[in-house]
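Please read the structure below before turning to the comments.
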Amino acid sequence: MATVQHGRRRGQMRSTPEVPPQDAHPGMQITDANDLRQVTILSRGDWDRIQQQLHRKQIEEARLRKIKEEREERKNKSKDRVQNWGNTIAGQRQRKLEARKLREQKEEAEKCQIDIEEAKYQAAQRKEAIDKAKTQQYYQTDRVKGFHSALMLTEVLKEREAQLELKRLQEQASHGKDREWLEIANKEHEEAIRMDQSKAAERILAAAENQNFLKAQITEHHRYKEKARLEDQVEGEELQKLSIQNKLEKERLEAIRRDEKQQLLDDNRQQMQERSALKKLQENQEDEEDEECRVFAAAKRKMMRLRAEKEKQLHTEKQKQLEAIREKLAAQLKQKLDDEDERIRDAVREAEEKRALEEAEKEGKMKKVIQEQAEHRNLQMREAEQKRKEERRQELETIRIRQAADEIFRRNEEEKRTRKFDENRNLSKFLLDQADHRQAKVVEEKEQNLALDKANIALLAVEEQQFQEYANKVIDHCEKGGRNVYPLRKAANPGHGGGAGPVFEGKGGIRPSYMVMDKSGKQMPHYQRDSTEETKQNIHDTQTKKRLGFVW
């Protein structure tokens, strides 16, 4: 675009464009930029009109954008002004939505509070269930079950004492009533005897009736058996007849079957003989064909030689026959008229020409056969040579393929050896790593077992303390109730395991069991008699201060 110079001169603008566009105003001219006399003068209106024409699209877009912005501004102002009005449908809806939102928040807060209370209640229920389960599980342990068995024994002993006391009181109360009870018992015994006698009589009558009924039933059964025996006899005779007929039919069928088998055997033998003869005939034909193939050339040459000799012999015989005919015709011609001499000479000439033509045809055929044989022989030789060349080429190709296959096999074997070496090296490394891992795992398991033993010892100590507290409470309660607490004190002895041996302090207070070395397998006694002290004094001549662990 050309540069434009603006100047206020008599209300006009002066511009010096270099190359105005093609659609410029008609008053504009292409002039030299250095020639100031060639200047186009534009008025203010023309300049504005040109600018509007050039930037018409941008101006229209700016106008539309301004209109849209003004519309949006008025819309936003209207929305801001009416959004807080309470007497409109939108305002009422907004208030309803806000009230609903507040109500939902309040309900959600109430639900959260209910959920918290429900969670607390569920936690309390779970804690109660867990405590109950722990209590039941604690009651299911062997030691607590043994203690409860001792508690039941104390209750049984208490009940036994109460029953003995009750029996003593009953004996004192019923001391003068034995006679009355004896008389009542005698009367009841006599009445029972009378009732038994009447029932026995009724049973005898019923047995007699039953006996008569059974006799009639036995008679009826005998009659039915006899009838069935006769029917079985008749049926047996019929079956015997049918058996005989069946046997005869089987014999007849067996004879027919034997004849068929014999006929089939004969047919098979005959078929085998015919097949063997046919096979021999085929073998003979194959031998003859091979023999013909071997002697084909020699036979053909011999045949040609014999054919040539035969043809020569035939030619000689024909010459003799012609000579005889000639002599005969000469003898006959002597007897015929002179006009027949020419006809005879023509006939002889035709006969000679015909014979010469036949000989020429035979000679041509013979040459053609010899030529065909030569061509066939050459063709067979060329084919054999081509076949030998093809076989040689195939053999070389096979050798090349085998060499390539050997090379591939060698490379594969080399790769296999390399791969096997790498696998063995990786396997050795893996085994070493596995051995290290196994050793570390063993050490870790030992440490875990030691930690577990410590935890078990601590747990056993806590369980022992809890059991002793529970047992002491039960024993105190039973003593206050006047029960025999010896079984409870015996069951509440310290030490786990239920054995009769000494308590191992280093093993969590476990009380083991010691069995005798015989087939009974009973536990060794846990009491200490005076003979033990006497034995220790006799052997050691002193009183030991510490128990050995087997008696106490």
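For clarity, every value in this text was computed on a predicted model and none was experimentally measured.
- One finds the CD atom of Q386 at 9.5 Å from the CZ atom of R393 (value rounded to the nearest 0.5 Å).
- Counting non-hydrogen atoms of neighbouring residues, nucleotides and ligands closer than 6.0 angstrom, the CD atom of Q137 reaches no more than 12 such neighbours.
- Distance check, rounded to the nearest 0.5 Å: CG of L427 to CG of D422 gives 12.5 Å.
- Surrounding CE of M152 are at most 12 heavy atoms belonging to other residues, nucleotides or ligands under 6.0 Å away.
- By the 4.0 Å N-to-carboxylate-O rule, E359 lies too far from K362 to be salt-bridged with it.
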Please test H55 against Q51 for side-chain contact (heavy atoms from CB on, under 4.5 Å), starting from the C-alpha separation and ending with a verdict. CA-CA 6 Å; H55 303 90; Q51 292 295 326; 3.2 Å; yes
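- For R489, the salt bridge (Lys or Arg N to Asp or Glu O under 4.0 Å) partners at least two apart in sequence or on another chain are E479.
- Each salt bridge (charged side-chain N to carboxylate O under 4.0 Å, His left out) pair with one or both residues in residues 400-411, not counting sequence neighbours, appears once here: E397-R400, E407-R410, E407-R411.
- Under the 3.5 Å distance criterion, the side-chain polar atoms of Q468 are matched with a main-chain donor or acceptor of A492.
- The pair D476-K473 does not meet the salt-bridge criterion, since no charged nitrogen lies less than 4.0 angstrom from a carboxylate oxygen.
- By the side-chain contact (heavy atoms from CB on, under 4.5 Å) test, E423 is found to be paired with R419, residues two or more places apart in sequence or in another chain being considered.
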The test is side-chain contact (heavy atoms from CB on, under 4.5 Å); show your working for I50 and Q53 and say whether it passes. CA-CA 5 Å; I50 291 170; Q53 288 292 331; 5.6 Å; no
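- Taking the salt bridge (Lys or Arg N to Asp or Glu O under 4.0 Å) definition, one finds that E353 meets it with nothing, sequence neighbours left out.
- Taking the salt bridge (Lys or Arg N to Asp or Glu O under 4.0 Å) definition, one finds that E107 meets it with nothing, sequence neighbours left out.
- T398 places a side-chain N or O within donor-acceptor distance of the main-chain N or O of Q394, the cut-off being under 3.5 Å.
- Residue-environment remark: CZ (R160) stays at or below the threshold of 12 foreign heavy atoms within 6.0 Å.
- Between I59 atom CD1 and L54 atom CG the span is 9.0 Å, to the nearest 0.5 Å.
- Among pairs with a residue in residues 115-131, those fulfilling salt bridge (charged side-chain N to carboxylate O under 4.0 Å, His left out) read K127-D131, at least two apart in sequence or across chains.
- When the ring-ring contact (aromatic ring centres under 6.0 Å, His included) test is applied to Y139, the partners found at least two apart in sequence or on another chain are H148.
- Within the model, atoms CD of E274 and CD of Q271 stand 7.5 Å from one another, a figure rounded to the nearest 0.5 Å.
- Side-chain atoms of Q270 and D266, non-hydrogen and from C-beta on, never get closer than 4.5 Å to each other.
- For Y138, the OH atom sits in a packed shell: over 12 heavy atoms of surrounding residues, nucleotides or ligands are nearer than 6.0 Å.
- Smallest separation of non-hydrogen atoms from P487 and A150: O-CB, 3.4 Å.
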Starting from the C-alpha separation in whole Å, work towards a yes-or-no answer on side-chain contact (heavy atoms from CB on, under 4.5 Å) for L102 and Q105. CA-CA 5 Å; L102 294 174; Q105 290 178 356; 4.0 Å; yes
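- Each of K389, E390, E391, E385 was evaluated against K387; a single residue qualifies, E391, per the side chain to side chain contact (heavy atoms under 4.5 Å, CB included) test.
- With contacts defined as side-chain heavy-atom distances shorter than 4.5 Å, the pair K429/N426 does not qualify.
- Sorted by first and then second residue, the pairs that involve residues 63-72 and meet side-chain hydrogen bond (donor to acceptor under 3.5 Å, both in side chains), not counting sequence neighbours, are E60-R63.
- With sequence neighbours excluded, the residues satisfying side-chain contact (heavy atoms from CB on, under 4.5 Å) with E395 are R392, I399.
- Contact between K145 and Q140 at its shortest, heavy atoms only, is CD-O, 3.1 Å.
- A distance of 8.0 Å separates CG of N378 from CD of E375, quoted to the nearest 0.5 Å.
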Test side-chain contact (heavy atoms from CB on, under 4.5 Å) on E260 and L264; report intermediate values, then the result. CA-CA 6 Å; E260 290 178 353; L264 183 61; over 6 Å; no
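- Applying the side-chain contact (heavy atoms from CB on, under 4.5 Å) test to Q448 and every residue at least two apart in sequence or in another chain returns E444.
- The minimum heavy-atom distance between T154 and N484, with the atom names listed, is CG2-O, 2.8 Å.
- Partners of R417 by salt bridge (Lys or Arg N to Asp or Glu O under 4.0 Å), not counting sequence neighbours, listed by chain and number: E414.
- Under the ring-ring contact (aromatic ring centres under 6.0 Å, His included) criterion, no residue pair touches residues 418-445, with sequence neighbours excluded.
- With 3.5 Å as the limit, one finds a donor-acceptor pair spanning the side chains of Y121 and Q125.
- The minimum heavy-atom distance linking V474 with L151 is given by the pair CG1-CD1, 3.9 Å.
- To the nearest 0.5 Å, atom CD of residue E155 and atom SG of residue C478 are 6.0 Å apart.
- Ion pairing of K416 with E413 is present here, as a side-chain N (NZ or NE/NH1/NH2) and a carboxylate O approach within less than 4.0 Å.
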